[in-house]
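Heavy-atom basis, side chains included; hydrogens, waters and symmetry copies ignored. Worth saying up front: this structure is predicted, and the values here are computed from it rather than measured.
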Amino acid sequence: MKLFPKKRVAVAKGLKIWVSNHYTPTLFGIRGHYESSYKSGQYVEISGPGTGFFIRNSSSHSYKSYCKAARGRLIPSYWDMVRGNEFDFDREIDRANRALKETKNEKKAQVLESYVNVLPLAKEAEMGERIIQGIKDLGHRRHKLTSYQSHVMSSYKSRIARLGHDVRDIQLSVPNLCSEERYNRFADVVIPFTELAASHRIWHSREAADKLDSAFVQVYFDMGIFDFIQAPLMTPLMRDSIGQRFFLYPDFMIVSRDGVDFDLYDLNEITFLFREVPYDMISSMVLTSYADNDDDSTSTSSHHHHRNYDDFGSGLLVSKDTVASNEMEKESRLRERVVGELYMPELKTRFYVRDMKALKHFVTALNEYKKL
C-alpha cells in the first residue's frame, strides 16, 4: 500500500531523487506528441493508458464543461492513491491476461494480445516520465541542474523515445487489419462523422429494464483511440449515458466499458437505421447536465421520465400533446422541429441528433461503406 505521495529512488549511480507515487497519464503510444497535442486536439486519457479522446474545437459550453471534468479526473488524488483507486499497471496487465485467456473471439483476442504486449513498455515509459519530472523538480529547488543530472535526464528521455519507436512494432495498426482499398474508403465514413460530432445537441435514449420509462441524456461524440490501436484516419467515438463507448473501425465496432471489459462486433453484424423524428416539448424530457462521475458517462441533475414508452411509435421525443388539432399547424411544426434518430437494434441503442442533416449524411455513408 502506498502511504506517501513521493518515494526516494536511485535513478543513477550516486543520484537519488524524490519520485511521485502517483500514476501519471502520458502520450506514450498515442500517435506522437506533436500530432496528438496540436494537429488532433488535446488528448485526454480515459479509463487507463492507450484509451482516450481528442478534444475538438467547439463553442458549446456544455462540451467545454464536459472536457474540463474529464481532465479534472486525471488530477492526482492522495486519497485515491491510498485506497488503490488510481490506475495500476500490474493490476491491468493481470486483468488483460485473464480476459485474453477467456475470450473466444479471434479479433478481440488480437486487441487484448496487443494491449498486453504494449502495457509493460507503457509502464516503463510512465515511470521514466516520473523520474524526469523528479530531476526537473531537483533543478527547481537548486536553481540549476549539474551536468551529470542533465545527462541522466537526457538518458531517460532517450530511453522513452526508443520505447516509443519499439511500440510501433507491437501495436495493432488498423491499415494492416483490412485491405488498403477498404481502409482508404473508410475516410468516407470518418469525414461525415466529424461533421456529426460537431452537432451541439446529441442525446442518448436511456431505457429502463421494463421498457416503460426512458430518459434522454445529452452525450458527446469525438475522435478517440482504444487500447493503443493505431488508426491514422482517426477513430470515431460515440458515447452513451451509461458509461459505454462505441469505437468504429473499418471492419468492426468495439463497445467498451474500459480497456479490458469490452465487446467486439463485426461491422456487418450491426444495423444502422436513420429516421426523422418530430419533437416539440423535448426540454421537459431531456437531461442536459455534463458528465462529472466515473469515466465519461453522463450524470443527471434531474430525473424526468417519459411514460408509456410503446405508445410513441412515431418518435420517442414526442408527447401526445404535440399533435395539434389543426393539420396545417401540425405540418408546419414538423417541418421546423425534427431531430434525427440513429438506432442500432442489435445493441438496443438509440441516439438523437439535432443536426439531422449531419446524422443522415453519416448513416448513409456508413451503410454505403458496408456494401463494399
Side-chain angles (χ1 to χ4, degrees), residues 46-48 50-53 95-96 98-116 171-179 181-183 185-190 192-193 196-197 202 204-207 209 219-231 233-275 295-297 341-353 359 362-372:
I46 50 177
S47 78
T51 298
F53 70 100
R95 291 182 64 229
R98 288 197 301 270
L100 179 58
K101 292 179 181 178
E102 294 172 0
T103 187
K104 296 180 180 179
N105 184 306
E106 183 178 347
K107 288 184 178 179
K108 182 177 179 179
Q110 275 187 294
V111 174
L112 285 169
E113 184 177 9
S114 172
Y115 189 48
V116 168
Q171 286 177 289
L172 274 185
S173 178
V174 174
N176 296 333
L177 299 177
C178 60
S179 67
E181 177 185 2
R182 187 172 178 82
Y183 182 73
R185 289 291 299 274
F186 190 61
D188 296 336
V189 176
V190 174
F193 181 85
L196 169 62
I202 302 175
H204 169 241
S205 171
R206 185 173 56 197
E207 302 174 17
V219 293
Y220 307 98
F221 292 176
D222 282 302
M223 293 297 180
I225 183 171
F226 180 74
D227 281 5
F228 298 102
I229 299 175
Q230 291 297 301
L233 283 174
M234 303 296 288
T235 301
L237 164 62
M238 299 179 286
R239 305 176 178 88
D240 67 14
S241 60
I242 58 175
Q244 295 187 123
R245 308 177 195 94
F246 304 77
F247 293 89
L248 189 62
Y249 294 95
D251 286 332
F252 56 90
M253 173 183 279
I254 288 176
V255 182
S256 161
R257 272 71 63 185
D258 62 36
V260 173
D261 181 14
F262 65 91
D263 300 310
L264 190 148
Y265 301 90
D266 189 284
L267 199 59
N268 291 324
E269 296 175 354
I270 307 298
T271 306
F272 299 88
L273 302 176
F274 168 83
R275 66 170 178 166
D295 295 330
D296 59 345
S297 59
E341 178 193 71
L342 168 59
Y343 180 41
M344 295 177 282
E346 294 82 4
L347 303 179
K348 299 180 180 179
T349 300
R350 298 176 189 265
F351 291 107
Y352 293 87
V353 182
L359 178 60
F362 167 67
V363 175
T364 300
L366 181 56
N367 286 326
E368 286 297 318
Y369 170 80
K370 287 175 61 182
K371 295 176 183 179
L372 295 178

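When every heavy atom of D227 is checked against every heavy atom of G259, the shortest pair comes out as OD2-O, 2.7 Å. Closest non-hydrogen pair, P175 versus Q230, comes out as CD-O, 4.1 Å. Among all heavy-atom pairs drawn from T103 and L100, the shortest one is CG2-O, 3.4 Å. The two residues R275 and E341 come nearest to each other via the heavy atoms NE-OE1, 2.7 Å. The two atoms that bring F247 and I225 nearest to each other are CE2-O, 3.6 Å, heavy atoms only. Considering all non-hydrogen atoms of both residues, L172 and V111 come closest at CD1-CA, 3.6 Å.
The aromatic rings of F351 and F246 sit perpendicular, their planes meeting at an angle over 60°, well past the 30° parallel limit.
Considering CZ of F228 and OG of S114, their distance stands at 9.0 Å, rounded to 0.5 Å. Distance check: C178 SG to Y249 OH gives 12.0 Å after rounding to the nearest 0.5 Å.
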Original post:
Could you walk me through whether F262 and F226 pass the ring-ring contact (aromatic ring centres under 6.0 Å, His included) check?
Top reply: CA-CA 10 Å; F262 65 91; F226 180 74; 5.1 Å; yes
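Annotation: cation-pi pair R239/F53 present, NZ/CZ under 6.0 Å from the ring centroid and within 45° of its normal.
Not a single donor-acceptor pair under 3.5 Å links the side chain of Q244 to the backbone N or O of V255. Using modelled atom types, one side-chain atom of Y369 and one backbone atom of P250 make a donor-acceptor pair closer than 3.5 Å.
Taking a cutoff of 4.0 Å between a charged side-chain nitrogen and a carboxylate oxygen, K107 and D251 do not qualify as a salt bridge.
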